[in-house]
Amino acid sequence: MRERTLSLPGSTDQFILTDRPAPTLTDRYRPLPDGMTLHHAAVVRAHQVRTGDVVTAFFTDGPGTRRAEHLSEAFTAHPRPLGNCPEECEECEDTSARGVAADRYVCLDPADEKADCVIVFRNTPVAIVPADTAARFPALDSTPPLPDLFTLDDGEHGPYEALPVPRAWSPFATISVTRATAEQIAADLATSHAGRHLTCEWLHDALLISSDPRPRTEPGRPGRLIRPDADGRYRIGGLWPWQHWSPEEDDPTH
């Protein structure tokens, strides 16, 4: 893996920036736009980040040699002072509850329906692609978003790849999966705790998930007939709670 050693005015630390890791099941890194690499990056302090800069990484603690900690998804910065959160997100609530001095921190990007505010100490070193450089490349959303990962029974089955869900998504809401993933979910339900009162049957291209009427607590809801949408994807949910999956759940040291 290639490396660049960068410096920051006023600091004796060395900042080691590496190539962005390729995305895998356990390394969840959305690629940068085509052509954008570590050679376009610089290191600045958080309060020096400007609107339009692309934030790609933070760094390990110092002093000394500090290595890049790549963000799973780079984002375009829209810096703003703390307060007046547009989504009343958990990150802002936690920061407020700690009673921190607002002028010691900066919000690099406000919350939206998918993510909380990005709040960091104002002197935090940040790896960015400056706005004028980033403007020469395709937009960040030109690369496909990473799928979200879900499991049954606290990680006993899965993970299953699905289209990203919004931040306010509920575990009993649906997730959107491919036919192959829907087939795997249907097969796993037969041996899962979540599916102990359910049976699955494929009716041509539709998946019928039926529930045993004896333990049913919601009369009139015998199950789901799930047909593919216009993109051939299946929206599955409402009969058990999904759990988000992260690589740490398969790590015996966690």
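Keep in mind that this is a model prediction, so the values were computed, not measured.
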Side chain proximity check, [X] to [Y], heavy atoms < 4.5 angstrom:
X: I226; Y: I209; answer: yes
X: C107; Y: E91; answer: no
X: H40; Y: F137; answer: yes
X: R20; Y: L38; answer: no
X: I236; Y: W242; answer: yes
X: V43; Y: S7; answer: no
X: L8; Y: D13; answer: no
X: L207; Y: C200; answer: yes

Shortest non-hydrogen contact from [X] toward [Y]:
X: R224; Y: G237; answer: NE-O, 3.8 Å
X: P228; Y: D205; answer: CD-O, 3.2 Å
X: S176; Y: R235; answer: CB-NH1, 3.8 Å
X: T51; Y: P79; answer: OG1-CD, 3.5 Å
X: A131; Y: D53; answer: N-OD1, 2.8 Å
X: C85; Y: A111; answer: SG-CB, 4.2 Å

### Message
Set out, in order, the CA-CA distance, both residues' side-chain angles and the distance that settles side chain to side chain donor-acceptor pair (under 3.5 Å) for D153 and H193, then state yes or no.
### Response
CA-CA 6 Å; D153 300 337; H193 179 76; 5.7 Å; no
First locate atom [atom1] of [X], then atom [atom2] of [Y], and finally report the distance between them rounded to the nearest 0.5 Å.
X: L149; Y: W245; atom1: CG; atom2: CH2; answer: 6.0 Å
X: T133; Y: H39; atom1: OG1; atom2: NE2; answer: 14.0 Å
X: S11; Y: L6; atom1: OG; atom2: CG; answer: 12.0 Å
X: I16; Y: T65; atom1: CD1; atom2: OG1; answer: 5.5 Å
X: N123; Y: Y105; atom1: CG; atom2: OH; answer: 11.0 Å

Following the transitive rule for hydrophobic clusters with a side-chain heavy-atom cut-off under 4.5 Å over Ile, Leu, Val, Met, Phe, Trp and Tyr, establish whether [X] and [Y] coincide in one cluster.
X: I175; Y: L239; result: yes
X: L198; Y: L208; result: no
X: W169; Y: V177; result: yes

Side chain [X], main chain [Y], donor-acceptor under 3.5 Å:
X: R4; Y: A41; answer: yes
X: R227; Y: A206; answer: no
X: D229; Y: D231; answer: yes

Please indicate whether [X] has more than 12 foreign heavy atoms, meaning atoms of other residues, nucleotides or ligands, lying under 6.0 Å from its [atom1].
X: R196; atom1: CZ; value: yes
X: D132; atom1: CG; value: yes
X: E90; atom1: CD; value: no
X: E88; atom1: CD; value: no
X: R179; atom1: CZ; value: yes

### Query
Per the side chain to side chain donor-acceptor pair (under 3.5 Å) rule, which among R67, H70, E3, R2 passes with T18?
H70
### Message
Under the criterion side-chain contact (heavy atoms from CB on, under 4.5 Å), I'd like the reasoning laid out for L82 against I119: C-alpha separation, chi angles, the key distance, then a yes or no.
### Response
CA-CA 8 Å; L82 266 61; I119 299 173; 4.1 Å; yes
### Summary
Besides V49, the hydrophobic cluster formed by Ile, Leu, Val, Met, Phe, Trp and Tyr side chains linked at under 4.5 Å, directly or via other members, contains V44, V55, F58, L71, F75, V106, L108, V118, V120, V126, I128
#### Entry: Contacts of type side chain to side chain donor-acceptor pair (under 3.5 Å), residue E73, not counting sequence neighbours
R30
### Message
Over 60° means perpendicular and under 30° means parallel, so tell me whether F150 and H244 are parallel, tilted or perpendicular.
### Response
tilted
### Query
Which of parallel (below 30°), tilted (30 to 60°) and perpendicular (above 60°) describes Y234 and W202?
perpendicular
Using distance only, find each side-chain donor-acceptor pair of residues 155-165 under 3.5 Å and give its atom names and separation, not counting sequence neighbours.
unit_1	atom_1	unit_2	atom_2	d
H157	NE2	T191	OG1	3.3
Y160	OH	D188	OD2	2.5

### Query
Should T124 and H47 be marked as a side chain to side chain donor-acceptor pair (under 3.5 Å) after you check the CA-CA gap, both sets of side-chain angles, and the distance that decides it?
CA-CA 8 Å; T124 298; H47 69 87; over 6 Å; no
